[in-house]
A.B. asks: 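For reference, the structure I am asking about is given below.
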Amino acid sequence: MSKRALIEVDISALGVIEKAHFAPGPGLTVITGETGAGKTMVLSALSLLMGSRADSTVVRAGSERANVVGRFAISDEVAREVNERGGDVESSEVLLTRTVTSDGKSRASIGGISTTVSALSEIGSELLSIHGQSAHFTLLKPQRAREILDQFGGKEEIAMPLRQYQEAFARYREISDSIKELEELQSTRERELERITIFLEEFDRVQPTARESAHLREKILSLENVDATRAALGNSLAALVENESSVSTQLGVVKRALESLSRSEVDSHSTTALAREISILVNELATQLRKELEELDVEPGALESMHERRALVQNLIKRFGDGKLDDPESALIDAAKQDKTLFMQLSSGDQGIAQMREERERLSGQVMVASGALTAARRMVAKKLEAAISDELTHLAMPGAAIVVSIVQISEGVALTNSSQSASADGARALLCSTFGSDEVSFLLIAHAGATALPINKGASGGELSRIMLAIEVVLAGKSAIPTYIFDEVDVGVGGKAAVEVGRRLALLAQHAQVLVVTHLPQVAAWADTHFMIRKNSLETVTSSDLVHLEGAARAHELARMMAGREESTLAQEHAQELLDFVALERGRQRPAKSPAKSTNNSGGSKRA
């Protein structure tokens, strides 16, 4: 079962297309039509969804903007990328949109969220791979050629030696950076040692803790409130019971005066009782105040101590840190750890660097050995890839052509040498290394027997480049994560039996991925699982009604037109049906259990897309 990414695309005001809806099926979908009918505009629309460059010329005359909306089925990995960018994913599907205005401005969105064209390109490149004369051939880049070679080699032949190399190279780079830092510091070693000594002595004296200033500030504010409370409670107690003129003392005078009155006086008993009650309440209030005062457990002088400690920490930050940081103390703690290590390294003088240089030398040897193993693995895989691609080209109307996978040392990178190597010229030569090894990979084309191998951009025409890409994709089928491939003009300069083989290869690729092809050859179109025809109407425009899904007899009519330019010709129709029957038989041999399902609607005719 082939993977499928593109579910449908809506296009408006793009070139000759006024408004159209296109829904390719899984497997192989072909688009046919008269020259100038707008076949390639569908692919242009998809290119926009991949972040291709666009200007006002793509906008249909008289329209304010061109708009393309694509709905894609996506993997869990791509869904996570979309979500990380803020886009929405529904039922494992996402909408990509691109709008180009008549004044040349461009807008893009992923999952309903506005985004940059570069972000759209990153997501689109995981969903679509477009090959055509007007497309950007990433194959021409050494980076892409290396990726294809490594992908063909797979986990067993390439992935393992590549991982071993990268681990060794990462360790080499890390120690090299440390040595470089130390060497730069060596010139000012004494001054640096003095700086570190002063800092560490002051740091050890203060010994700050994380966020200590902030914590002290909070405690100080709390203590300042406690002292105010203590003062208020103390003043209250003094006024109630502790001063010579306290409330308690004055009440005693009142009670004694009332008690001295004659018992015969009518009110003396009641007033004396009230005075006693007031005295009891005052004593109860004083008892409660003493209790609250005792519960204030902060020791006297704590506030002053905290002020002093905070001033000490802030002075350390002011001298050696950055007070603008949220947690300057933690930054100082980290700096102290680093400086202690650096102090030991600098104190040991050249001995420390010498030891690190010995380690770098050892790692250099490891990297060079790992690089050699990786290069050897790539050369072995390259022979297999050359044979596989060249065999495919034989079937794609390039029988004398052959692909050569060139592997040479990269021209830029980190230069590594190892004194333990042989003193020969080759052994003493520096090896340039990068993250992916020491190899620059490129594809060369031998156009015919006896021809010189040339870079494919110099030795191949546009149509041949498309066929080379097709051959590579067929060879890589099942190993690539890209779910949809699009080919334009892959059949240029091809006819007869070779055209049938182009169609066969596209059908083979479509067993592993969704494939869309714009073609003018009936031998290619006959292999389609889904067939669309585009035609311009009398107004020289294309609308959804002009994008027709062909089935049954309607397909034979279109193939007859493509063969002879006369779909009404009985002979042409017979030849077309013969071609369809031949392809059906061949498909049965290739995929006996996977014959393409046909719609039961409108059998023997056509329907609108």
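Since this is a predicted model, take the numbers as computed values, not measurements.
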A.B. asks: Assess, by modelled atom type and distance only, whether the side chains of Glu558 and His531 contain a donor and an acceptor separated by less than 3.5 Å.
C.D. replies: no
A.B. asks: Which residues pass the salt bridge (charged side-chain N to carboxylate O under 4.0 Å, His left out) test with Glu574, not counting sequence neighbours?
C.D. replies: none
A.B. asks: For Tyr165, give me all partners under ring-ring contact (aromatic ring centres under 6.0 Å, His included), at least two apart in sequence or on another chain.
C.D. replies: Phe169
A.B. asks: Side-chain contact, heavy-atom cut-off 4.5 Å: Val548 with Arg535?
C.D. replies: yes
A.B. asks: Hey, are Glu147 and Gln151 close enough side-chain-wise for a donor-acceptor pair under 3.5 Å?
C.D. replies: no
A.B. asks: Do any side-chain atoms of residues 387-402 form donor-acceptor pairs under 3.5 angstrom with protein atoms, and if so which ones, sequence neighbours left out?
C.D. replies:
| unit_1 | atom_1 | unit_2 | atom_2 | d |
| --- | --- | --- | --- | --- |
| Ser390 | OG | Glu386 | O | 2.8 |
| Ser390 | OG | Ile403 | N | 2.9 |
| Glu392 | OE1 | Arg505 | NE | 2.7 |
| Thr394 | OG1 | Ser390 | O | 3.1 |

A.B. asks: Applying salt bridge (charged side-chain N to carboxylate O under 4.0 Å, His left out), can you list everything that pairs with Glu157, at least two apart in sequence or on another chain?
C.D. replies: Lys384
A.B. asks: List in chain and number order the residues that pass side chain to side chain donor-acceptor pair (under 3.5 Å) with Thr99, two or more places apart in sequence or in another chain; answer none if no residue qualifies.
C.D. replies: Asn67
A.B. asks: Would one find more than 12 heavy atoms of other residues, nucleotides or ligands at under 6.0 Å from atom CD of Glu77?
C.D. replies: yes
A.B. asks: Only counting residues at least two apart or in another chain, list the ones meeting side-chain contact (heavy atoms from CB on, under 4.5 Å) with Met160.
C.D. replies: Arg163, Gln164
A.B. asks: Would you say the side chain of Ile148 lies within less than 4.5 Å of the side chain of Leu476, judging by non-hydrogen atoms?
C.D. replies: yes
A.B. asks: Can you name the side-chain contact (heavy atoms from CB on, under 4.5 Å) partners of Leu444, sequence neighbours left out?
C.D. replies: Val404, Ser406, Ser442, Ala453, Pro455
A.B. asks: Suppose we screen for side-chain contact (heavy atoms from CB on, under 4.5 Å). Which residues come up paired with Leu580, at least two apart in sequence or across chains?
C.D. replies: Ala526, Arg555, Ala556, Leu559, Gln577
A.B. asks: Checking Glu122 now: which residues fulfil salt bridge (charged side-chain N to carboxylate O under 4.0 Å, His left out) with it, not counting sequence neighbours?
C.D. replies: Arg85
A.B. asks: Within the structure provided, determine whether Leu579 and Pro522 are in side-chain contact (heavy-atom separation under 4.5 Å).
C.D. replies: yes
A.B. asks: Residues in side chain to side chain donor-acceptor pair (under 3.5 Å) with Ser52, at least two apart?
C.D. replies: none
A.B. asks: How would you list, by chain and number, every residue that makes a salt bridge (charged side-chain N to carboxylate O under 4.0 Å, His left out) with Glu64, sequence neighbours excluded?
C.D. replies: none
A.B. asks: Return a table of donor-acceptor pairs under 3.5 angstrom between the side chains of residues 371-378 and protein atoms on other chains or two or more places apart.
C.D. replies:
| unit_1 | atom_1 | unit_2 | atom_2 | d |
| --- | --- | --- | --- | --- |
| Ser371 | OG | Ser438 | OG | 2.7 |
| Thr375 | OG1 | Ser371 | O | 3.0 |
| Thr375 | OG1 | Asp439 | OD1 | 2.7 |
| Thr375 | OG1 | Asp439 | OD2 | 3.1 |
| Arg378 | NE | Asp150 | OD1 | 3.0 |
| Arg378 | NH1 | Phe436 | O | 3.0 |
| Arg378 | NH1 | Asp439 | OD2 | 2.9 |
| Arg378 | NH2 | Asp150 | OD2 | 2.9 |
| Arg378 | NH2 | Phe436 | O | 3.0 |

A.B. asks: If we ignore angles and hydrogens, is there a donor and acceptor under 3.5 Å between the side chains of Arg98 and Ser106?
C.D. replies: yes
A.B. asks: Would you sort out whether Val367 and Leu431 count as a side-chain contact (heavy atoms from CB on, under 4.5 Å), showing the intermediate values?
C.D. replies: CA-CA 10 Å; Val367 173; Leu431 178 68; over 6 Å; no
A.B. asks: In terms of side-chain heavy atoms, does Thr97 have a donor or acceptor partner in Ser109 at a distance below 3.5 Å?
C.D. replies: yes
A.B. asks: Do Val42 and Ile31 pass the side-chain contact (heavy atoms from CB on, under 4.5 Å) test, and can you show the C-alpha distance, the side-chain angles, and the key distance before you say yes or no?
C.D. replies: CA-CA 9 Å; Val42 174; Ile31 304 173; 4.0 Å; yes
A.B. asks: Any luck finding a side-chain donor-acceptor pair between Thr32 and His520 under 3.5 Å?
C.D. replies: no
